[in-house]
Amino acid sequence: MIEKTYTMLKPDAVSAGHIGEIISRFERVGLTVEKMELSEVTTEQAAANYAEHEGKPFYEGLIRYITSGPVVKMVLSGESAVAITRKLMGATNPAEALPGTIRGDLGLTMDANVIHGSDSPESAEREIAIFF
Ligand code: IDP
Ligand code: MG
């Protein structure tokens, strides 16, 4: 099914100059960039995006990190866009992400794990409304 997903290149990806590399990986599998913006995330947007994690020990650090510098916000579309994007991203912890995945190749820590991607079409719809 053709669907949309929300993807965000985190501050470490932008400061390390990995924007082009990551977008290339998505384009290579046939996903389409529908919308894209480089800007900072507000505290309100961060809290809405990560509402499911409120109260967890890493929550405050996560909000601080995602608001610490410019990010690239994107809407990608294509066949199974959510699942394909998650597969290309790799495991949440870069130490466990396989080589060949975005986090496995470019990530170092749980905070600086390069990229956010929606985990379901429903999350994608909610997250796109937060950022666009
Ligand atoms: P995801 O980004 O792979 O969907 P989630 O579990 O939704 O992973 O967590 C959101 C973000 O919160 C992660 O990308 C990571 O940056 C951070 N995070 C998740 N779990 C931990 C943890 O146990 N310690 C520190 N940071 C975490
Ligand atoms: Mg998640």
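- Ile102 CD1 to Thr85 OG1: the interatomic distance, rounded to the nearest 0.5 Å, is 8.0 Å.
- Here the side chain of Glu96 pairs no donor or acceptor atom with the backbone of Ala91 at under 3.5 angstrom.
- Panel note: side chain Asn113, backbone Thr92; a donor-acceptor pair is recorded below 3.5 Å.
- In this structure, Phe132 has no ring-ring contact (aromatic ring centres under 6.0 Å, His included) partners at least two apart in sequence or on a different chain.
- Two residues are said to be in side-chain contact when any heavy atoms from C-beta on lie closer than 4.5 Å; Glu37 and Val71 fail this criterion.
- Interatomic distance, Ile66 CD1 to Met8 CE, rounded to the nearest 0.5 Å: 4.0 Å.
- Counted within 6.0 Å of CG on Leu108, heavy atoms from surrounding residues, nucleotides or ligands total 12 or fewer; the atom is thus considered open.
- Residues Pro11 and Gly69 approach most closely at CG-O, 3.8 Å, considering heavy atoms.
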* Take Ile115 and Arg103 through the side chain to side chain contact (heavy atoms under 4.5 Å, CB included) test and state the conclusion after the steps. => CA-CA 7 Å; Ile115 184 164; Arg103 285 165 166 169; 3.9 Å; yes

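- Ring orientation note: the planes of Tyr6 and His116 are tilted relative to one another, at an angle of 30° to 60°.
- Counting all heavy atoms, side chain and backbone alike, Thr101 lies closest to Ala97 at OG1-CB, 3.6 Å.
- What you find for Glu127 and Ser118 is that their closest heavy atoms are OE1-OG, 2.7 Å.
- The CG atom of Leu62 sits 8.5 Å away from the CG atom of Asn49 when rounded to the nearest 0.5 Å.
- Taking CG of Leu9 as the start and OG of Ser15 as the end, the distance is 11.5 Å to the nearest 0.5 Å.
- For residues 58-105, the set of pairs meeting the ring-ring contact (aromatic ring centres under 6.0 Å, His included) definition, not counting sequence neighbours, comprises His53-Phe58.
- For the atom pair CG of Leu76 and CD1 of Ile84, the computed distance is 11.5 Å after rounding to the nearest 0.5 Å.
- Nearest heavy atom pair, residue Glu40 against residue Thr67, reads OE1-O, 4.4 Å.
- The shortest non-hydrogen separation linking Lys4 to Val82 is O-CG2, 3.8 Å.
- In the hydrophobic cluster analysis, where Ile, Leu, Val, Met, Phe, Trp and Tyr join through side-chain heavy atoms closer than 4.5 angstrom, Met36 is grouped apart from Val75.
- Between Asp105 and Gly100 the shortest heavy-atom distance is OD1-N, 2.8 Å.
- The salt bridge (charged side-chain N to carboxylate O under 4.0 Å, His left out) contacts involving residues 70-89 comprise nothing, where partners must be two or more places apart or lie in separate chains.
- Salt bridge Glu21/Arg25: present, at least one basic N to carboxylate O contact under 4.0 Å.
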